[in-house]
Amino acid sequence: MPIIEFENVEYTYNAGMEGETKALSGVSFSIEEGSFVALVGHNGSGKSTIAKLMNGLILPDKGRVTVDGMDTADKKRIFDIRKTVGVVFQNPDNQMIATIIEDDVAFGPENLGLPPAEIRERVDWALGSVGMADHKRGTPFRLSGGQKQRIAIAGVLALRPRVMVLDESTAMLDPKGRDEVMRVVMQLNRDHKMTVVMITHFMEEAAEADRIIVMRSGEALLDGGKEVFNRTSEIRSAGLELPLPSRIADGLRRSGMALPDGILTDSQLAEALCRLK
């Protein structure tokens, strides 16, 4: 059974009021447990609305969202739903409430009423998973953007969710910070079999996922594996571009270089160029 299901979901902001905005129009998809899904789209495409729907922060106007078989509209199950689906948002500073890193990560488990020994174990595991164990007694406000976001991820990890949703979590970071977060996310999916839903407009990040859902104007335009990147005209109609390595490879092909199709990442481009020697 899929871990998350959207069935003909519609959502409108300020419904029935002046300036109402239709965010989603009949969106349907399911996400299998253990998968790594990238949800991409231009601003206003509905992707962040999907993130909020995934753990019941908002409820659909029409249709149904279920998490591990639990309807997000069922108020009796909302606590279980939010333990199952953890969300990391764009600005890490908005997600930190303590002045000491390990206290910040412990905040969630403490609110679950867990025994101190289990809280200690969870905090150490979460910080170790994001490579920040050596910083546990430091303050988060002296960290780089990438390090702060890794702490925010650790705070969600300490709740032991089965699904990690990252809503534009790298948007405010520099390239180094984005790389740090992506390494952590990919390791969680690969080594801990955690379901990852990465909501992003960076197509280079989407290229690392097993499945890509392209949103346009509140609808799922494309949904598939890496072959989605072959649908160039539709991707551009969604206000997106191919990953930079793909665009470089296309330019080199036009100049006469015999590069293969399907180049999406820096390493694939470098390998293809080396083979030309």
Side-chain angles (χ1 to χ4, degrees), residues 1-7 9 11 23-24 27-43 45-60 63-70 72 80-92 95 129-130 149-150 152-157 159-171 173 178 181-216 218-226 228 238 240:
M1 183 174 67
I3 189 73
I4 294 176
E5 290 188 274
F6 276 56
E7 302 172 48
V9 172
Y11 189 82
L24 296 178
V27 172
S28 296
F29 61 83
S30 61
I31 293 176
E32 297 297 323
E33 189 157 15
S35 61
F36 183 0
V37 178
L39 194 67
V40 297
H42 201 263
N43 291 340
S45 63
K47 59 189 189 298
S48 288
T49 301
I50 288 175
K52 295 171 186 174
L53 286 162
M54 281 182 173
N55 78 340
L57 289 175
I58 58 176
L59 300 176
R64 187 168 179 252
V65 178
T66 56
V67 173
D68 195 26
M70 299 178 286
T72 59
D80 293 326
I81 287 167
R82 289 178 181 167
K83 284 200 299 182
T84 303
V85 179
V87 183
V88 181
F89 293 102
Q90 184 179 107
N91 189 342
Q95 301 170 79
S129 295
V130 300
Q149 199 61 283
R150 285 154 66 186
I153 292 172
V156 174
L157 278 179
L159 297 171
R160 299 278 169 89
R162 291 162 62 189
V163 182
M164 175 78 73
V165 178
L166 298 107
D167 184 14
E168 297 280 10
S169 299
T170 63
L173 305 181
R178 290 202 299 272
V181 172
M182 283 301 298
R183 281 198 300 271
V184 169
V185 169
M186 292 169 66
Q187 182 181 14
L188 290 171
N189 175 252
R190 182 182 65 246
D191 297 345
H192 299 286
K193 310 303 179 187
M194 182 172 288
T195 306
V196 172
V197 180
M198 170 158 275
I199 296 170
T200 182
H201 61 268
F202 292 115
M203 297 297 274
E204 291 81 6
E205 292 178 353
E208 302 287 356
D210 304 318
R211 177 182 171 198
I212 302 95
I213 300 174
V214 179
M215 297 294 299
R216 183 181 67 182
E219 298 180 347
L221 175 66
L222 299 171
D223 184 352
K226 295 191 187 333
V228 162
L240 301 168

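Computed from heavy atoms alone, side chains included, the values below leave out hydrogens, waters and symmetry copies.
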Heavy-atom pair with the smallest gap, counting every atom of [X] and [Y]:
{"X": "A209", "Y": "K226", "result": "O-NZ, 2.6 Å"}
{"X": "I81", "Y": "T72", "result": "CD1-CA, 3.5 Å"}
{"X": "V184", "Y": "S129", "result": "CG1-O, 4.3 Å"}
{"X": "V228", "Y": "G224", "result": "CG2-N, 3.5 Å"}
{"X": "Y11", "Y": "P60", "result": "CD1-CA, 4.3 Å"}
{"X": "P161", "Y": "T84", "result": "CB-O, 3.5 Å"}

Rounded distance [0.5 Å steps], [atom1] in [X] versus [atom2] in [Y]:
{"X": "L53", "Y": "L59", "atom1": "CG", "atom2": "CG", "value": "7.5 Å"}
{"X": "M215", "Y": "I50", "atom1": "CE", "atom2": "CD1", "value": "4.0 Å"}
{"X": "S48", "Y": "I58", "atom1": "OG", "atom2": "CD1", "value": "10.0 Å"}
{"X": "Q95", "Y": "I153", "atom1": "CD", "atom2": "CD1", "value": "9.0 Å"}
{"X": "I212", "Y": "T200", "atom1": "CD1", "atom2": "OG1", "value": "12.0 Å"}
{"X": "H42", "Y": "R216", "atom1": "NE2", "atom2": "CZ", "value": "13.0 Å"}

Identify, with sequence neighbours excluded, every residue that meets salt bridge (charged side-chain N to carboxylate O under 4.0 Å, His left out) alongside [X].
{"X": "E32", "result": "none"}
{"X": "E168", "result": "K47"}
{"X": "D68", "result": "R162"}
{"X": "R160", "result": "E121"}

Verify the neighbour count for atom NZ of K52: are there more than 12 heavy atoms of other residues, nucleotides or ligands below 6.0 Å?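 For K52, atom NZ is not crowded (no more than 12 foreign heavy atoms under 6.0 Å).
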Using modelled atom types only, decide if a donor and an acceptor are shared between the side chain of S28 and the backbone of E7 within a distance under 3.5 Å.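 Checked: no pair found.
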Please list, chain by chain and in numerical order, all residues satisfying side-chain contact (heavy atoms from CB on, under 4.5 Å) with K193, sequence neighbours excluded.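 K193: no side-chain contact (heavy atoms from CB on, under 4.5 Å) contacts found.
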Apply the test side chain to side chain contact (heavy atoms under 4.5 Å, CB included) to residues N189 and M186: give CA-CA distance (whole Å), side-chain angles for both, the deciding distance (0.1 Å), then the verdict. CA-CA 5 Å; N189 175 252; M186 292 169 66; 5.8 Å; no
Please collect all salt bridge (Lys or Arg N to Asp or Glu O under 4.0 Å) contacts where either partner lies in residues 199-214, sequence neighbours excluded, each pair once.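 Of all non-adjacent pairs touching residues 199-214, those that pass salt bridge (Lys or Arg N to Asp or Glu O under 4.0 Å) are R211-D223.
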Testing I31, V197, V196 one by one against F36 for a side chain to side chain contact (heavy atoms under 4.5 Å, CB included), which residue passes?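 Among I31, V197, V196, the one that satisfies the side chain to side chain contact (heavy atoms under 4.5 Å, CB included) with F36 is V196.
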What residue among L159, L57, V67 forms side chain to side chain contact (heavy atoms under 4.5 Å, CB included) with R82?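 So, applying the side chain to side chain contact (heavy atoms under 4.5 Å, CB included) to R82 and each of L159, L57, V67, only L57 qualifies.
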Are any non-hydrogen side-chain atoms of [X] and [Y] less than 4.5 angstrom apart?
{"X": "M54", "Y": "V163", "result": "no"}
{"X": "I4", "Y": "V85", "result": "yes"}
{"X": "Q187", "Y": "V130", "result": "no"}

Residues V88, Q149; criterion side chain to side chain contact (heavy atoms under 4.5 Å, CB included); working and verdict: CA-CA 8 Å; V88 181; Q149 199 61 283; 3.4 Å; yes
